[in-house]
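To start, the structure under review is shown below, and the notes come after it.
No hydrogens, no waters, no symmetry mates; every other heavy atom, side chains included, goes into these values.
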Amino acid sequence: TGPTEQVFISSQLALTSDYTCSTTSSFTVTVQINRYRGSLDTVGQGAVDYLFELDATISEQQTTHSVAAGSGTVDCGQNIFTTVIDQPNFGYYWYIAEVLWEQTSGDVTPSNQTVGLRSLTAQVIKQ
C-alpha cells in the first residue's frame, strides 16, 4: 500500500536447454525477477479484471554456455534468488520469474526447455 513497505522475494528455477547448431556456438540464459504493475481494465464494458504491465526488473542472473556443433542438452543450472528486497510505490503488483534465451554466437537454436524445481515467494512486510 505504500513506499514504506518492503517486499522480500525468494525464487529458484532449475533449467536445462536442448539445442541444435551446425557450428560451434554460444547462448546466454537470463533469469529475471520482474515486477508488473496492475491497473483496472477500464476499456472493456463491465470489465472486472486487472491489466499488468512490466514495471521493473528487480534482479537477474545470466549464464553463457558454449556448445559444439550438433545437438545436445545443456544444464543451465540452479538460478537461486535469496531474499531479494523490493520497495515499490503505491499500487497492485505481480512478481514473475522469467527466462530469456539469447543466441550470442554461431547458429544455435533452442528446441526444448525443461524447468525442474521452481518456486517464487513474495512476502510483504508492513512497517
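For the atom pair CG (Leu15) and CD (Gln78), the distance works out to 10.0 Å, reported to the nearest 0.5 Å. In this structure, Gln32 CD and Thr57 OG1 are separated by 4.0 Å, a value rounded to the nearest 0.5 Å. Here the CD1-CG distance, from Ile33 to Leu120, works out to 5.0 Å after rounding to the nearest 0.5 Å. Put simply, CG on Asp18 and CG on Asn112 are 5.0 Å apart, with the number rounded to the nearest 0.5 Å. One distance of note links CD of Glu53 with CH2 of Trp94; it measures 13.5 Å at 0.5 Å rounding. Rounding to the nearest 0.5 Å places CD of Gln6 at 14.0 Å from NZ of Lys126.
When the side chain to side chain donor-acceptor pair (under 3.5 Å) test is applied to Tyr19, no partner is found at least two apart in sequence or on another chain. With sequence neighbours excluded, no residue satisfies salt bridge (charged side-chain N to carboxylate O under 4.0 Å, His left out) with Arg37. Under the salt bridge (charged side-chain N to carboxylate O under 4.0 Å, His left out) criterion, Asp55 pairs with Arg35, not counting sequence neighbours.
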Please step through side chain to side chain donor-acceptor pair (under 3.5 Å) for the pair Ser105 and Ser26, ending with a clear verdict.
CA-CA 5 Å; Ser105 72; Ser26 64; 2.8 Å; yes
Assess whether side chain to side chain donor-acceptor pair (under 3.5 Å) is satisfied between Asp75 and Thr16, documenting all intermediate values.
CA-CA 4 Å; Asp75 180 359; Thr16 60; over 6 Å; no
Using the side chain to side chain contact (heavy atoms under 4.5 Å, CB included) rule, take Ser25 and Gln103 through it: C-alpha gap first, then chi angles, then the decisive distance, then the call.
CA-CA 8 Å; Ser25 303; Gln103 173 188 10; 5.7 Å; no
Apply side chain to side chain contact (heavy atoms under 4.5 Å, CB included) to Phe8 and Ile125, showing your working.
CA-CA 8 Å; Phe8 291 83; Ile125 305 298; 3.1 Å; yes
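The closest side-chain donor-acceptor pair between Ser119 and Gln12, if any, does not fall under 3.5 angstrom.
The shortest heavy-atom contact between Ser10 and Thr83 is OG-N, 3.4 Å. Shortest non-hydrogen contact noted between Phe52 and Tyr93 is CE2-C, 4.4 Å. Closest approach of Thr109 to Trp101, counting heavy atoms only: C-CH2, 3.9 Å. Here the closest heavy-atom approach between residue Ser17 and residue Cys76 is recorded as CB-SG, 3.9 Å. Among all heavy-atom pairs drawn from Thr20 and Ser71, the shortest one is CG2-CB, 3.6 Å. Listed here is the closest heavy atom pair of Thr104 and Phe27: OG1-N, 3.5 Å.
Under the 4.5 Å side-chain heavy-atom criterion for Ile, Leu, Val, Met, Phe, Trp and Tyr, Ile96 and Leu54 are members of the same hydrophobic cluster. Cluster membership check: Val115 shares its hydrophobic cluster with Tyr95, using side-chain heavy-atom separations under 4.5 Å among Ile, Leu, Val, Met, Phe, Trp and Tyr. Hydrophobic clustering places Val124 together with Val84 (ILVMFWY residues linked when any side-chain heavy atoms are closer than 4.5 Å, directly or through intermediates). Residues Val31 and Val74 fall within the same hydrophobic cluster, defined by Ile, Leu, Val, Met, Phe, Trp and Tyr side chains chained together at heavy-atom separations under 4.5 Å.
The shortest distance between side-chain heavy atoms of Val29 and Val99 falls below 4.5 Å. A heavy-atom distance below 4.5 Å is found between the side chains of Tyr50 and Leu40.
Side-chain atoms of Asn79 come within 3.5 Å of backbone atoms of Leu13 as a donor-acceptor pair (strictly under, hydrogens ignored). Of the possible donor and acceptor atoms, none in the side chain of Asp86 sits under 3.5 Å from a partner among the backbone N and O of Val7.
In Tyr92, the OH atom is not crowded: 12 or fewer heavy atoms of neighbouring residues, nucleotides or ligands sit closer than 6.0 Å.
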